[in-house]
Amino acid sequence: MIKLLIIGVWACVVTLGSSYVVFSMSAPEAHGEAESDFYDGLDYRSTGAITVPIIADKAIKGYVLARFVYTIDGKTVAKLTVPPEPFVLDEAFRRLYSSDDFDFENPQRFDLPGFMEELKTAVNGRYGEDLVQDILVEQFDYLPKGSNGMPG
């Protein structure tokens with residue numbers, strides 16, 4: 001009978017000890033760097049794709065296919081009656097369509113950072129305040145006329 005009682009106490013001690021070890025290993029550690037709260041409250045919104053014809057010498061030379069992501073405060077965007085997406089796409093289309101510095105031979109040399117900054121400034125200018133925090137490129141491709149899938 002005493003053996004049975006000792007085995008029961010031993011089983012309880014082992015169970016409690018193993019539970020403590022498992023719990024202490026799975027608990028998050030308190031030390032370490034605190035994450036930056038710069039992006040707290042910002043929403044990332046993806047735009048639809050646009051196709052912009054690039055025209056030079058009275059002929060279509062190719063097409064720019066683009067899609068963007070913009071960041072905006074989540075609380076602010078919930079209050080807006082018109083979301084920024086149409087303005088982002090409109091400004092992007094206007095700037096790409098009227099661009100005179102697009103090099104058809106070297107499209108990779110397009111000043112994309114300058115373009116993105118102009119785009120952000122123009123969209124915020126339409127609202128009259130700094131709503132859009134940043135505009136990022138999700139897709140930006142140039143397809144010369146007559147390339148795969150495009151009319152020649």
Exercise for the section: List in chain and number order the residues that pass side-chain hydrogen bond (donor to acceptor under 3.5 Å, both in side chains) with Q139, two or more places apart in sequence or in another chain; answer none if no residue qualifies. Expected result: D141
Exercise for the section: Check the angle between the aromatic planes of F115 and F68 and answer parallel, tilted or perpendicular using the 30° and 60° thresholds. Expected result: tilted
Practice task
Report yes if the side chains of F140 and M116 come closer than 4.5 Å at any heavy-atom pair, otherwise no.
Solution key: no
Problem - Set of residues satisfying salt bridge (Lys or Arg N to Asp or Glu O under 4.0 Å) with respect to E117, sequence neighbours excluded - result: K120
Problem - Atom pair CD1 (I7) and CD1 (I2), whose distance is rounded to the nearest 0.5 Å - result: 12.0 Å
Practice task
Kindly indicate whether the side chain of K61, heavy atoms from C-beta on, has any atom under 4.5 Å from the side chain of P144.
Solution key: no
Practice task
Measure the spacing between CD of E91 and CD1 of I135 and express it to the nearest 0.5 Å.
Solution key: 9.0 Å
Exercise for the section: Check for a donor-acceptor pair, side chain of T71 on one end and backbone N or O of D134 on the other, with a separation under 3.5 Å. Expected result: yes
Handout entry: CA sep, side-chain torsions, deciding dist, call: Q133, D73, side-chain contact (heavy atoms from CB on, under 4.5 Å)
Key = CA-CA 8 Å; Q133 302 297 315; D73 181 55; 5.6 Å; no
Practice task
Indicate yes or no: at least one non-hydrogen side-chain atom of Y63 is less than 4.5 angstrom from one of I54.
Solution key: no
Exercise for the section: Spell out, as yes or no, whether a donor-acceptor pair under 3.5 Å connects the side chain of E85 to the backbone of G48. Expected result: yes
Exercise for the section: Measure the shortest side-chain to side-chain distance between F87 and V132 over non-hydrogen atoms and say whether it is less than 4.5 angstrom. Expected result: no
Fill in the blank from the handout: One should read off an interatomic distance between F93 CZ and I50 CD1, to the nearest 0.5 angstrom, of 7.0 Å
Practice task
Could you check T47 against V69 for side-chain contact (heavy atoms from CB on, under 4.5 Å), going step by step and ending with a plain yes or no?
Solution key: CA-CA 6 Å; T47 67; V69 175; over 6 Å; no
Problem - Note: R45-D43 ion pair, threshold 4.0 Å (strictly below) - result: yes
Handout entry: Heavy-atom closest contact (P83 atom, P86 atom, distance)
Key = O-CD, 3.1 Å
Handout entry: Straight-line distance of L65 CG to T51 OG1, nearest 0.5 Å
Key = 4.5 Å
Exercise for the section: To the nearest 0.5 Å, tell me how far Y97 OH sits from I55 CD1. Expected result: 3.5 Å
Handout entry: Note, L80 side chain near I72 side chain (heavy atom, < 4.5 Å)
Key = yes
Exercise for the section: Please tell me if the side chains of Y70 and V123 come closer than 4.5 Å, counting only heavy atoms from C-beta onward. Expected result: no
Exercise for the section: With the side chain counted from C-beta on, respond yes when L131 and P84 share a heavy-atom pair under 4.5 Å apart, and no when they do not. Expected result: no
Fill in the blank from the handout: So OG1 of T76 and OH of Y127: to nearest 0.5 Å the spacing works out to 11.0 Å
